[in-house]
Amino acid sequence: MTAPLVFAHRGSSYDLPEHTLAAYLRALDEGADGLECDVRLTRDGHLVCVHDRRLDRTSNGHGLVSARTLAELEALDFGSWHRAAATVETLDESHTRLLTLERLLDAVLAAGRPVRLLIETKHPSRYRGEVERRLVALLRRHGLAEPGPDDPVRVTVMSFSPLAVRRVRELAPELPTVLLLEVLPPWLRLGRLPFGSRIAGPGVDLVRARPHLVPALRAAGNSVYVWTVNEPEDLELVLAAGVDGVITDRPAHALARLGR
Ligand code: G3P
Ligand code: CA
């Protein structure tokens, strides 16, 4: 059994504010194989790395991300809410500034080493398929829409929405996709994931509740990336299950457990 890939969920987001450049650079320093991010569209059509529909939890702004322009979001502070603000000596722009997907792509391409990037499109969105259309266009501009095995930066697109996964398949058939699963939908056939997806992304609670899930998915030729694996007992569970990817807020812990 090969060791799983370790992906930093929203960056090293246990230690630093999620979805900030500082959290992603920390994850790369720690040796994570890859990074996970969520993307949403602003009112003026920019892809930004923000998890929640609303700004309230992770910034000093209020209301919907999708109702704001990029310039409005750039004026907000996305870092001071985090407990790291009390411990990091100086919070600089890398800890507090909104991260656009474009800036994250630039950082990953400049990393000088192989990096996997898992990009999750968030739905429902008022912009529906425009999210995937803008994403694929941006990836094409960066030469990332047709990843080859030797490319240092390899993007995979994820979503809980099967429709979104289908759109990515239609727009960029070469891009690998992950179908994320919080529960097991009754229509899902474990042998064959829909819309050409070859990677399943169950939550760790689902893996715990369904011990046969990972072996069944893998026996059918799929890979399995599990989120969000933060606790030691969760890590032991998914390692014993033989998963292919571990998505965690604490990549350094997972890497240490794997002896890396
Ligand atoms: O990596 C998948 C995981 O991020 C899905 O859940 O809510 O953290 O985006 P969420
Ligand atoms: Ca996510």
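Indexing begins at 1, ligand by ligand and atom by atom, following the structure's order. Every heavy atom of this structure was used, including side-chain atoms; hydrogens, water molecules and symmetry mates were not.
Heavy atoms of other residues, nucleotides or ligands lying less than 6.0 angstrom from CZ of R57 number more than 12. For R260, the CZ atom counts as densely surrounded, since its 6.0 Å shell holds more than 12 non-hydrogen atoms of other residues, nucleotides or ligands. Within 6.0 Å of CZ on R128 lie no more than 12 heavy atoms contributed by other residues, nucleotides or ligands.
Panel note: side chain R218, backbone A241; no donor-acceptor pair is recorded below 3.5 Å.
V229 and L206 fall within the same hydrophobic cluster, defined by Ile, Leu, Val, Met, Phe, Trp and Tyr side-chain heavy atoms under 4.5 Å apart, directly or through other members. Grouping the Ile, Leu, Val, Met, Phe, Trp and Tyr side chains by contacts below 4.5 angstrom, directly or via other members, places Y14 apart from Y24.
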TODO: Assess whether side chain to side chain contact (heavy atoms under 4.5 Å, CB included) is satisfied between L117 and L104, documenting all intermediate values.
DONE: CA-CA 10 Å; L117 184 59; L104 179 57; 4.1 Å; yes

So E130 and R133, salt bridge (charged side-chain N to carboxylate O under 4.0 Å, His left out) or not? Walk me through it.
CA-CA 5 Å; E130 194 60 13; R133 282 191 286 278; 3.0 Å; yes

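Around the Ca ion (ligand 2), the protein contributes the following N, O or S atoms at distances under 3.0 Å: E36 OE2, D38 OD1, E120 OE1.
No side-chain donor from either of T228 and N230 sits under 3.5 Å from a side-chain acceptor of the other.
In this structure, ligand 1 sits under 4.0 Å from heavy atoms belonging to H9, R10, E36, D38, H51, E120, K122, M158, F160, L180, W227, I247.
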